[in-house]
2 protein chains.
Amino acid sequence: MDFFEQLGPAALGSRLRRLSEQMTTQAAAVYALYHVPFEPRWFPVFYTVASTPDLHVGEIAERIGHTHAAVSQVLKELTKHGLVQVQRGEADQRRSLVTLTPSGADLWPTLQQQAADVRQATEELLADTRHNLWLAIGEMEYALSRQSLASRVKTIRDQRVAAQVQILDYTPQHQPDFKRLNAEWIERYFRLEETDLKSLNHPDDYILRPGGHILLAQHQGRIVGTCALIKMPDATFELAKMAVSPAAQGLGIGQRLGEAAVARARELGARRLYLESNTKLGPALNLYHKLGFRKTVSGPPSPYERCNIQMELPLSS
Amino acid sequence: MDFFEQLGPAALGSRLRRLSEQMTTQAAAVYALYHVPFEPRWFPVFYTVASTPDLHVGEIAERIGHTHAAVSQVLKELTKHGLVQVQRGEADQRRSLVTLTPSGADLWPTLQQQAADVRQATEELLADTRHNLWLAIGEMEYALSRQSLASRVKTIRDQRVAAQVQILDYTPQHQPDFKRLNAEWIERYFRLEETDLKSLNHPDDYILRPGGHILLAQHQGRIVGTCALIKMPDATFELAKMAVSPAAQGLGIGQRLGEAAVARARELGARRLYLESNTKLGPALNLYHKLGFRKTVSGPPSPYERCNIQMELPLSS
DNA sequence: AGCATTTGTGTAAGTACTTACAAAATATAT
DNA sequence: ATATATTTTGTAAGTACTTACACAAATGCT
């Protein structure tokens with residue numbers, strides 16, 4: 001099984017599954033040992049009912065950490081085998097109250113004894129190992145409850161990507177990328193307007209020459225994000241043309257671009273940043289908020305139809 | 001979840017299953033993170049094919065530790081999604097050789113990167129814990145490969161039962177049990193013969209008064225086993241009427257009875273033990289062998305039709 | 001009291017594997 | 001060379017759970 005060795009803990013899930021399967025098989029063998037006509041998967045439910053009778057399905061499920069559906073299925077089988085009986089609740093007619101039948105009660109001491117034997121065997125097994133599996137599971141469950149594996153992986157990937165993302169200044173060779181990335185998202189949500197086409201086709205004329213700046217994000221040799229600072233009166237820049245390629249979204253590239261834009265505005269002596277957007281663009285607004293932008297009380301009307309929100313960020317110089 | 005706390009490690013199997021399920025769910029979330037249209041269960045197969053192309057189904061299965069059936073199913077899906085292609089083997093037409101398609105090869109770097117990220121995340125997770133889950137699994141698998149859980153449980157149970165089993169001397173009140181236990185197994189395999197009935201109905205007359213002894217095994221207040229020493233010429237006793245109740249079989253009660261009988265024969269100054277049995281009775285012969293009995297080369301003919309094997313145990317006094 | 005909402009349960013279908021079985025190609029024995 | 005055994009694979013069904021859905025009973029709200 002070089003597979004596990006090569007991949008290491010990345011295959012943790014697979015390995016856990018294998019071991020749990022092995023344990024389940026062994027459990028079946030244990031029942032055979034005691035001549036008990038009983039299936040391992042019944043145990044949690046039976047144990048719970050025997051310990052505290054007159055519980056209903058939902059309560060049993062909660063105690064053993066399975067779903068009510070699983071409990072319901074197991075109870076059906078236990079009933080068929082004559083080990084438990086189910087009655088409608090008296091006060092609450094929806095509930096199914098469960099108790100042991102006489103033959104279930106007969107079985108109970110044997111199962112208890114068996115559980116005690118299994119417990120002892122497992123404890124001896126665990127005592128033999130340097131790394132205690134039972135405690136390790138507990139610690140792992142705790143660690144995962146604090147931060148999920150997926151979000152841990154995301155953190156790692158974001159760090160790696162951030163190290164690979166470069167923020168570049170616009171040069172004329174970037175015009176096609178600049179246009180493509182912006183046209184892409186505008187067309188997805190709205191319609192390309194005349195004003196858009198002018199500035200996307202001729203950013204030199206419409207953005208740079210009037211004193212603006214354009215920043216680009218490069219990842220693995222490809223331009224995957226853009227954003228522009230457009231000069232406005234009163235030491236203000238408008239943050240516009242913010243776009244990240246769909247394939248590169250979720251990598252924190254917007255954040256990097258935004259931060260770079262804010263830093264650049266500061267360098268240029270801006271006292272205020274301003275932007276226009278649309279409330280439909282949730283993730284974008286989220287990003288702006290993270291960067292420090294807040295809703296403007298009132299501002300000049302926008303030339304774009306699609307803008308229904310304005311935000312600003314005062315820059316204390 | 002008091003269930004796990006109450007039962008402790010006896011519920012190890014359940015707990016492993018829960019954790020592995022959680023890891024599987026998380027794995028799916030990780031794929032979503034990378035925008036990869038890929039299911040976690042494909043990974044082992046895909047990984048193996050990408051690392052070493054032109055393997056066939058059986059080889060892949062062996063490497064990843066799954067069955068060929070599982071590999072076959074996953075390959076079907078991978079093919080449907082255009083990630084791998086399967087060809088008949090040239091030399092051996094039974095084999096299905098697997099290689100990546102161009103689009104599978106495209107996906108490979110992303111998956112490799114992702115696996116590396118997952119590995120790092122998991123390693124950080126493991127480093128945070130006091131009991132290393134990865135190593136604990138390895139140790140547990142090793143321990144179980146040396147002795148299965150079922151056999152460990154059996155050892156523990158046998159010890160417990162042995163402590164509870166008492167070997168008693170026959171008194172007339174035991175006659176019904178003595179008869180019941182012997183009749184039970186004789187009728188299961190053969191037919192009760194006249195000779196049987198005499199000694200079972202009147203053990204005093206046929207066994208004890210001629211100088212024999214009867215031992216009984218008592219477990220939890222019930223007589224669950226019998227065995228008799230019948231006096232023969234030349235300081236020899238015949239070990240006969242060995243019976244253990246079906247419900248109590250496998251508990252090592254036969255062994256205890258047998259050992260007690262041998263010890264008693266020694267006390268009585270016997271120089272040899274003798275018995276007759278049938279080769280159909282595998283477990284019984286096994287027990288006799290464990291007690292030290294060996295096949296007799298030739299002996300006097302038995303009054304019982306069912307006897308086709310004779311064994312003896314010389315007792316060095 | 002009449003309505004929507006919540007709660008409790010059961011059933012069906014899915015999941016990621018397994019075991020069991022079947023069929024074809026190849027290897028081995030006579 | 002022919003019959004038999006073994007290898008290789010695919011398919012079906014099972015396992016021990018899950019999620020999704022449906023429906024009745026109870027509760028909350030006006």
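Bear in mind the structure is a predicted one, so any value in this text is a computation, not a measurement. Within every chain, numbering begins at 1; the chains are lettered A, B, ... in the order of the sequence lines, protein sequences first and strands thereafter.
Here B:A91 lies in heavy-atom contact (under 4.0 Å) with sugar-phosphate atoms only. Counting any heavy atom pair closer than 4.0 Å across all strands shown, A:Q73 reaches a base atom. Using a 4.0 Å heavy-atom cutoff across all strands shown, B:T67 reaches at least one base atom of the nucleic acid.
Residue-to-nucleotide proximity on DNA chain C shows that, of A:R17 and A:V71, the 5′-proximal contact is made by A:V71.
The base of D:dT7 sits with one of its N or O atoms less than 3.5 Å from a complementary donor or acceptor on the side chain of B:R94.
For C:dA16, one of the phosphate oxygens OP1 or OP2 lies less than 4.0 angstrom from a side-chain nitrogen or oxygen of B:R41. In this model, the phosphate group of C:dG10 is approached by a side-chain N or O of A:S96 to a distance below 4.0 Å at OP1 or OP2.
With centroids closer than 5.5 Å and planes inclined by less than 30 degrees as the test, B:H68 and the base of D:dT8 fail to qualify as a stacked pair.
The residues A:R95 and A:E90 are annotated as not salt-bridged, no charged nitrogen and carboxylate oxygen being separated by less than 4.0 angstrom.
Taking the six-membered ring for Trp, A:W134 and B:H131 have ring centres at least 6.0 Å apart. A centroid separation of 6.0 Å or more is found between the aromatic rings of B:W42 and B:Y31.
The side-chain heavy atoms of B:Q87 and B:S96, taken from C-beta on, include no pair separated by under 4.5 Å.
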